[in-house]
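The structure appears below as structure tokens.
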Number of protein chains: 2
Amino acid sequence: MDKEQEILAAALKLFVEFGFHGTPTSKIAKEAGVANGTLFHYFKTKDDLIVALYNRTKETLTAHLAAQQRDGDSLEERMKSIYTASLEWGLENRPQFHFIQQFHFSPHAARISDEDKERQTRLHAGLMQQAREDNIFKPLAPELIGSLLGSHVYGTHQYLVNADLPKQERQKVIHETFALLWTMITK
Amino acid sequence: MDKEQEILAAALKLFVEFGFHGTPTSKIAKEAGVANGTLFHYFKTKDDLIVALYNRTKETLTAHLAAQQRDGDSLEERMKSIYTASLEWGLENRPQFHFIQQFHFSPHAARISDEDKERQTRLHAGLMQQAREDNIFKPLAPELIGSLLGSHVYGTHQYLVNADLPKQERQKVIHETFALLWTMITK
DNA sequence: ATTTTTATGGAGTGATCAGTCAATCTAAAA
DNA sequence: TTTTAGATTGACTGATCACTCCATAAAAAT
């Protein structure tokens with residue numbers, strides 16, 4: 001892992017544990033095994049580091065979700081695959097998942113460019129569009145469906161993190177909650 | 001409004017806008033129209049202020065929800081009343097609602113005492129218990145139902161904040177989303 | 001081989017911040 | 001009226017922090 005990655009990994013770990021406020025850049029550098037100045041060689045400011053960390057983390061997640069998509073899958077299968085992969089990734093990358101939410105409710109959220117936002121939601125937006133064309137959703141605002149979908153993932157994730165079930169039971173919960181979600185939003 | 005309240009109100013406003021990191025105690029005091037030292041007369045540390053602000057905000061919300069409960073209401077009516085009141089309070093107190101979520105994903109969350117937690121969830125817990133006794137929920141872990149319930153509120157809130165609908169349409173969305181939720185979790 | 005660019009280090013700096021403190025004010029109790 | 005206790009002030013401080021700067025090393029380009 002090169003130094004830039006080391007810095008990002010260290011920042012992630014410390015931000016989740018101590019918050020943005022509670023983690024000085026000096027501690028990040030130390031944890032990354034790197035000099036103070038090196039951090040600022042890769043990221044002009046601490047804020048830049050925070051935003052970059054968010055964008056890359058989100059990018060990793062979206063790439064993972066996209067990789068699960070199979071040609072020939074139905075819309076429901078595709079959505080279930082995204083839902084499942086989101087939760088599994090969130091459970092195997094808990095700090096990352098937590099950081100994404102932490103970032104979302106921080107003032108830094110406003111600093112994400114429209115371009116990055118578009119890239120990070122393209123996959124979901126595409127499927128939503130398809131679903132509308134196929135007319136399979138209940139007559140609700142698409143933004144509402146999107147919000148409910150997202151929060152359903154977060155809610156299930158929260159439960160799974162607290163419950164800490166064995167893998168098989170976890171799978172079962174993921175299947176069940178998707179079924180609940182699907183009957184909730186489709187006709 | 002006494003000085004303590006002024007300080008809490010100022011802190012809330014600034015925390016939501018600039019984050020915990022981005023708002024120095026000096027700015028809070030200034031915004032509250034109070035001297036630096038006065039802030040520390042009421043709150044020993046900045047962290048104490050943050051935690052106190054959370055507890056009082058949550059207390060206000062729970063009191064508001066409890067006040068909506070009517071004797072003789074059925075369980076479904078009671079739950080719908082909590083759901084509706086949560087969303088309406090969240091929309092008329094957006095900074096407060098945002099702060100609660102912001103706090104939830106911060107390291108300060110760990111500092112809430114079990115006692116406070118219990119007081120803040122008593123109302124919900126009671127209804128959940130009742131629902132279990134009446135056996136009206138689908139056979140799902142009660143913690144899962146609780147999580148899904150909470151996140152459903154957040155998801156709907158997020159949509160309503162972004163959509164900014166007139167009051168009547170807003171009411172309609174709240175009714176509809178409760179119906180969706182209710183059919184999702186009950187038998 | 002030489003130049004240029006990039007990477008790394010770490011001591012140093014000015015600014016900022018959380019929290020202190022001694023002085024003053026207020027108002028109620030004695 | 002006098003005392004006492006709490007409220008309020010704002011200048012002050014020691015610590016900390018984000019970030020700079022310059023020296024050096026490594027790598028790339030010429």
Side-chain angles (χ1 to χ4, degrees), chain A residues 1-57 95 99 102-103 105-113, chain B residues 1-57 95 99 102-103 105-113:
Chain A
M1 198 155 56
D2 66 6
K3 311 229 166 185
E4 195 178 358
Q5 292 301 319
E6 294 279 7
I7 292 168
L8 289 167
L12 177 76
K13 180 186 163 186
L14 295 171
F15 284 154
V16 167
E17 186 167 0
F18 304 109
F20 300 128
H21 169 49
T23 78
T25 52
S26 56
K27 289 256 172 63
I28 298 173
K30 201 176 211 173
E31 171 86 22
V34 140
N36 250 340
T38 305
L39 189 152
F40 289 95
H41 172 71
Y42 287 103
F43 306 98
K44 272 208 330 209
T45 69
K46 187 183 182 181
D47 279 5
D48 281 356
L49 166 61
I50 294 174
V51 171
L53 179 56
Y54 174 79
N55 277 328
R56 298 194 199 194
T57 306
F99 173 78
Q102 182 182 8
F103 182 92
F105 288 105
S106 83
H108 300 96
R111 283 201 43 195
I112 303 299
S113 71
Chain B
M1 196 155 56
D2 66 5
K3 311 229 166 187
E4 195 179 356
Q5 293 300 321
E6 294 279 6
I7 291 168
L8 288 166
L12 177 76
K13 181 186 161 188
L14 295 172
F15 284 153
V16 168
E17 188 169 357
F18 304 110
F20 301 128
H21 169 48
T23 79
T25 52
S26 56
K27 290 255 173 63
I28 298 173
K30 200 176 211 175
E31 171 85 21
V34 140
N36 249 338
T38 305
L39 189 152
F40 289 96
H41 173 70
Y42 288 103
F43 307 97
K44 272 211 326 209
T45 68
K46 187 183 182 181
D47 278 5
D48 281 356
L49 166 61
I50 294 174
V51 171
L53 179 57
Y54 174 79
N55 277 329
R56 298 194 199 194
T57 306
F99 173 76
Q102 183 182 6
F103 182 91
F105 288 105
S106 84
H108 300 95
R111 282 201 42 196
I112 302 300
S113 71

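Quick note on labels: first sequence line is chain A, next is B, and so on, each numbered from 1. This structure is a prediction, so every number in the text was calculated from the model and none was measured. Side chains included, hydrogens not; waters and symmetry mates left out as well; all remaining heavy atoms used.
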Residue pairs meeting salt bridge (Lys or Arg N to Asp or Glu O under 4.0 Å), one or both in residues 19-29 of chain B, sequence neighbours left out, come to none
In B/S/- notation, 5' to 3', how is nucleotides 13-20 of chain D contacted by protein heavy atoms closer than 4.0 Å? ----SBBB
Expressed in angstrom and rounded to an integer, what is the separation of B/D48 atom CG from C/dG19 atom C1'? 12 Å
When rounded to whole Å, the CG to C1' distance for the pair B/L39 and D/dT8 reads 12 Å
Rounded to whole Å, the NE2-P distance (A/H41 to D/dA26) equals 15 Å
To the nearest Å, how far apart are B/I7 CD1 and C/dG19 P? 14 Å
Given atom NZ of A/K3 and atom C1' of D/dA25, what is their separation to the nearest angstrom? 12 Å
Rounded to whole Å, CG of B/L49 lies from P of C/dC17 at a distance of 15 Å
Please evaluate residues B/L8 and B/Y42 with respect to the criterion side-chain contact (heavy atoms from CB on, under 4.5 Å), reporting the C-alpha separation (whole Å), side-chain torsions for both, the decisive distance (0.1 Å), and the verdict. CA-CA 10 Å; B/L8 288 166; B/Y42 288 103; over 6 Å; no
Using whole Å, what does the distance between atom C1' of nucleotide C/dC17 and atom NZ of B/K30 come to? 14 Å
Nearest-Å distance for atom pair CZ/P, residues A/F43 and C/dT8: 12 Å
Any donor-acceptor N/O pair, B/E31 side chain to B/K13 backbone, under 3.5 Å: no
Within the 4.0 Å heavy-atom criterion, would you say B/Y42 contacts the bases, only the backbone, or no part of the nucleic acid? sugar-phosphate
Please check the phosphate of D/dT9 (OP1 and OP2 only) for any side-chain N or O of B/T38 closer than 4.0 Å. yes
Which class fits the ring pair A/F20 and A/H108: parallel under 30°, tilted 30 to 60°, perpendicular over 60°? perpendicular
Would you call A/F103 and A/I112 a side-chain contact if the rule is heavy atoms closer than 4.5 Å? yes
